[in-house]
Amino acid sequence: MRPGKRHRVLPGFPLALGYTLFYLALIVLIPLSAVFLKSATLNWEQFWSTVSAPRVVASYRVTFGTALLAAAINGVFGLIFAWVLVRYSFPGKRVVDALVDLPFALPTAVAGIALTAIYAGNGWLGQWLEPLGVKVAFTPLGILIALTFIGLPFVVRTVQPVLEDLDTELEEAAVSLGADRWQTFRHIVLPALLPALLTGFALAFARAVGEYGSVIFIAGNVPMVSEITPLLIISKLEQFDYAGATAIAVVMLVVSFVLLFLINGLQIWTNRSRER
Amino acid sequence: MSGAVVSHWVVHSHRFETNAATREPAWVKRLLIAIALAFFALFLLLPLATVFAEALRRGWVVYFAALTEPDARSAIKLTLLVAAIAVPLNLVFGVAAAWAVAKFNFRGKQLLTTLIDLPFSVSPVVAGLMYVLLFGSQGWFGAWLLQNDFKIIFAMPGLVLATVFVTVPFIARELIPLMEAQGREDEEAAVVLGASGWQIFWHVTLPNIKWGLLYGVILCNARAMGEFGAVSVVSGHIRGRTNTMPLYVEILYNEYNFAAAFAVASLLALLALLTLVVKSVVEWRGQQQLSADQEAT
Amino acid sequence: MSIRVEKIVKRFGQFVAIDNVTLDFPTGQLVGLLGPSGCGKTTLLRIIAGLESADAGRVFLEGEDASDTHVRERQVGFVFQHYALFRHMTVFDNVAFGLRIKPRGQRPAESAIRERVGQLLDLVQLAALAQRYPAQLSGGQRQRIALARALAVEPRVMLLDEPFGALDAKVRKELRRWLRSLHDALHFTSVFVTHDQEEALEVSDQVVLMNHGRVEQVGTPTQVYEHPATPFVYGFLGAVNLFHGWVQGQHLDVAEGRLPLNYGNFPAGTEALGFVRPHELDIATDLADPSGFVAQVERILAFGSTARVELTGAHGEPRRLYEVELSRERADALNLSAGQRVRLKPARIRLFPPEQVAEVSIRILGGLGTQKATH
């Protein structure tokens, strides 16, 4: 065969790949590079003083702290949720299973105002919690609640299929070797679920870090206390401080990329351990 | 983010509950179910119920008045319009990307799939900012756009762009694993029988992926209609002009017009519920197809 | 319609899947491509079909260079290992697919299509299932439909990739016979790939044995079985007892003793490996007999028309294992029992130089399970 004349059997590859790259460049790559190029108009001191201003640093603490905590809560409860959905039958299970995805489907603004209405001082739960000294709405605790809501499906939906695929033979073997139920879970089931659990955790965390809609209503947005980083970007934009907004955005983007990289690695790990 | 058309619809938990090796003591089981249901009620059911309860607190008259108000109607129209443009764009993209990634081998494939996933990990606010930097009055193309009297930021095109960005991965992410799992054999069989590219796509590939495709479209649409952060940055919040439903909810809420805010929100919540119903049906059908396929091999 | 492949080379990265293969497939014959997995047989089949393109070499269909012809125009029928039936189409629509997608000018009328599909379904004896979906069929039925679908477009050649690989043993046997009789009725030129030597020997007119991307031998089933050209072929086509030793005149001197040779084109003193099939070893209960060597009976597997006897050698540690196949009558006459010491007498030894064997010895050892220990 003449070199270079190697036709592919299935058609459409150049068109499909070409269009994919063109579209991604137009929608994703060029706009993203705009952020980095814009931030390059700042010199290092300007950049650093913007991203390390006390109010900005406080917002990192709020954002990453609550996101991490929410992802951890989801790690625990998401695992229980997935376990219950896969291993037990109970009335209404199908409805529960379907509604787990509600945070994916419900617009974040709707979730935001609903959670605020529940936890505000005069709200459904707030009116009982506040006399006990627990203020939820307009505090970091409110942000935590919103981020927990947003992140739940990530953990459930990554752990659930792995748990379903898990060969019962493994547990049967453990039992036949004399392990009790907890030992079996601890040494056999949990290690098998770990890659998926970590992936779910990382996905929930990544989503929570960037979340805006569900948080701003319940957060109260008190500077230094309950102000999240995405909100700071918006307030800088509203003051036409494009460079400042961009500098903070760069910080968030770098964090996102690191997380994406991590999640990719975790997913490869999950798939590998599933294939085994 | 969203799992592929996963197998969680038909859950044969019976086999775990009757197997001595995979069964927990009854009290543990009851405790775990209780925890899960409590969490479910607190975090999922309660917010959903609140939306409808708050929406109807002042009665049906106020509810319908809030929805039929001109600003509300234009927000609904704009939301539908934006989704009607963004979803088909991402549909074509998703199919093209999945065809390239799942049916061919080439260098840089892993990088490309990562790139497709990228918008999921970018904060919506940053997404909006990107387009402001490109097309805003201070942006790269700002002056040129101003000269030619074409508005992107604080106008419909900006809303579409921001929405397209945040929903880019949905359909591709559904299709890629599905089409990879199905392999190339069916398409090869068709090509040996003499089918052309479009014939292969319409008669063989599309029927094989239709449930996954529909699943992706539904999720993409839900996000497109509900997106808040990204569109909030590019919209400019011009009432009756650039307010989508979620943005309109925010405005009403900030004006302490709670009943109206929740009325509009209830429409979005209904859309979410509808999405979940259709999603369940699609999952069920996809599951059926999957088990039929598994039987077939 | 004949097929010729000429100097085909195909690499996947560093791995050479096909290493300069030239082959002729004569018109009207059913040729089996046989070899262990990874030997390149499926890749060669896909290159003939045009589903894969070779790095070098050419494919001729009916003397005409088809190397640059797209699969779509090659007019080959291809049957996939996992059938590749379109699951959303009925059996009827599957078979009709190739006809219905023809360009308007060449497409037969719908009535003609119906008639043709009907004939094909009669041919594969599945007319009653025309309106079923693939998921409702058994594996054997699916493979017959896949064949009917491939035949519908009147291919010039039929290519079958492990057509019975996914079926269970009983259905496999039935389908083999059915394919052979179908071929005898229609006489299309066909090539089929298999890793099952019994299948290849039973069905093919010609067998092509492949290993490591190269052709080891081409011949009729009798030729390749009775006169294996290489140690690989010998080992692949059946169980083997191996003897390592030196040629001395009309004998092979091995650790066990002195074995008679019935041909002698090896110069005296040459190191050689002797291959003996289990049915070429005879057992003598008379220990005083000077020919052959002593071994001890371990197990006797007597069912069906033949009996297999497993023995261990008297020499060396670990003990060598031998396998002998006898007719039932002979086994009954010998009246062997486990633990008995007997003499083994090779009736025929096939010699190969050791270097040639070294290349394939691992396969012989791993693949057969008869010969546990060698030199």
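A side-chain donor from one of A:Ser59 and A:Thr229 sits under 3.5 Å from a side-chain acceptor of the other. A donor-acceptor contact closer than 3.5 angstrom is absent between the side chains of B:Glu250 and B:Ser232.
Proximity to chain A is limited to the side chain of B:Tyr253, based on heavy atoms less than 4.5 angstrom apart. In this structure, chain B has no heavy atom under 4.5 Å from any part of A:Ile263. Only the side chain of B:Pro119 comes within less than 4.5 Å of a heavy atom of chain A; its backbone N, CA, C and O stay farther away. Interface remark: B:Leu32 contributes backbone and side-chain atoms alike to the contact with chain A (heavy atom separation under 4.5 Å). With a threshold of 4.5 angstrom between heavy atoms, B:Val168 approaches chain A through side-chain atoms but not through N, CA, C or O. Residue contact with chain A, scored on non-hydrogen atoms closer than 4.5 Å, is absent for B:Ser266. In this structure, chain B has a heavy atom under 4.5 Å from the side chain of A:Phe257, while its backbone stays farther away. Contact of A:Leu253 with chain B is made through the side chain alone, with heavy-atom distances under 4.5 Å. Contacts between B:Leu273 and chain A at a heavy-atom distance below 4.5 Å involve the side chain alone, from C-beta outward. Heavy-atom distances place the side chain of B:Leu37, and not its backbone, under 4.5 Å from chain A. Only the side chain of B:Gln110 has a heavy atom closer than 4.5 Å to any heavy atom of chain A. For B:Asn105, the part lying under 4.5 angstrom from a heavy atom of chain A is the backbone only. Both the backbone and the side chain of A:Ala34 come within less than 4.5 Å of a heavy atom of chain B. Contacts between B:Tyr131 and chain A at a heavy-atom distance below 4.5 Å involve the side chain alone, from C-beta outward. In this structure, no portion of B:Val95 lies under 4.5 Å from any heavy atom of chain A. With a threshold of 4.5 angstrom between heavy atoms, A:Leu125 approaches chain B through side-chain atoms but not through N, CA, C or O. Neither the backbone nor the side chain of B:Phe135 comes within contact range of chain A; no heavy atoms are under 4.5 Å apart. Residue contact with chain A, scored on non-hydrogen atoms closer than 4.5 Å, involves the backbone and the side chain of B:Leu118 alike. For B:Glu54, the part lying near chain A is the side chain, with the backbone staying farther off; criterion is any non-hydrogen pair under 4.5 Å. Heavy-atom distances place the side chain of A:Tyr119, and not its backbone, under 4.5 Å from chain B.
Closest non-hydrogen pair, A:Leu144 versus A:Ala70, comes out as CD1-N, 3.5 Å. Of all heavy-atom pairs between B:Val166 and B:Phe120, the closest is O-CE2, 4.4 Å. A pairwise comparison of heavy atoms in B:Ala224 and B:Thr167 identifies N-CG2, 3.8 Å as the closest pair.
In summary, the aromatic rings of A:Phe77 and A:Trp83 are positioned with their centroids too far apart to meet the 6.0 Å limit. Not less than 6.0 angstrom separates the ring centroid of B:Phe262 from the ring centroid of B:Phe52.
Note that the CZ atom of B:Phe165 and the CE atom of B:Met130 stand 4.0 Å from one another [nearest 0.5 Å]. Here the CG-OG distance, from A:Leu106 to A:Ser214, works out to 9.5 Å after rounding to the nearest 0.5 Å. To the nearest 0.5 Å, atom CD of residue B:Glu227 and atom OG1 of residue B:Thr79 are 11.5 Å apart.
Comparing B:Ile35, B:Val191, B:Leu161 by how many heavy-atom pairs each has under 4.5 Å with chain A, the most go to B:Ile35. Ranking A:Val100, A:Thr246, A:Leu21, A:Thr184 against chain B, the residue ahead of the rest is A:Thr246, based on heavy-atom pairs under 4.5 Å. Across A:Phe90, A:Trp182, A:Phe22, A:Phe81, the residue that shares the most heavy-atom pairs under 4.5 angstrom with chain B is A:Phe81. Heavy-atom pairs under 4.5 Å with chain B were tallied for A:Leu115, A:Leu32, A:Leu259, A:Leu15; the largest tally goes to A:Leu32. When the candidates B:Ala97, B:Pro246, B:Ala190 are compared by the number of heavy-atom contacts under 4.5 Å with chain A, B:Ala97 comes out ahead. For the options B:Asn221, B:Leu45, B:Leu134, heavy-atom pairs under 4.5 Å to chain A are most numerous at B:Leu134. Ranked by heavy-atom pairs under 4.5 Å with chain B, the list A:Ile233, A:Val96, A:Thr108 is led by A:Val96. Counting heavy-atom pairs under 4.5 Å between each of A:Pro14, A:Gly18, A:Ser89 and chain B puts A:Ser89 at the top. With chain A as the partner, the residue from B:Leu268, B:Val249, B:Val277 showing the most heavy-atom pairs under 4.5 Å is B:Leu268. Among B:Phe93, B:Phe258, B:Trp198, the residue with the largest count of heavy-atom pairs under 4.5 Å with chain A is B:Phe93. The residue among B:Val28, B:Leu112, B:Leu44, B:Val51 with the most heavy atom pairs within less than 4.5 Å of chain A is B:Leu44. Interface check for chain B: of the options A:Val209, A:Leu152, A:Ile268, A:Leu163, the most heavy-atom pairs under 4.5 Å are formed by A:Leu152.
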> Should B:Glu24 and B:Lys29 be marked as a salt bridge (charged side-chain N to carboxylate O under 4.0 Å, His left out) after you check the CA-CA gap, both sets of side-chain angles, and the distance that decides it?
Replying inline: CA-CA 6 Å; B:Glu24 287 79 37; B:Lys29 173 180 163 178; over 6 Å; no
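Salt-bridge formation is not detected for the pair B:Lys103/B:Glu180: no Lys NZ or Arg NE/NH1/NH2 atom is positioned less than 4.0 Å from an Asp or Glu carboxylate oxygen. Note on A:Glu164 versus A:Arg157: no salt bridge recorded, every NZ/NE/NH1/NH2 to OD/OE distance being 4.0 Å or above.
Taking the six-membered ring where tryptophan is involved, the planes of B:Phe106 and A:Phe13 are tilted, since the angle between them lies from 30° to 60°.
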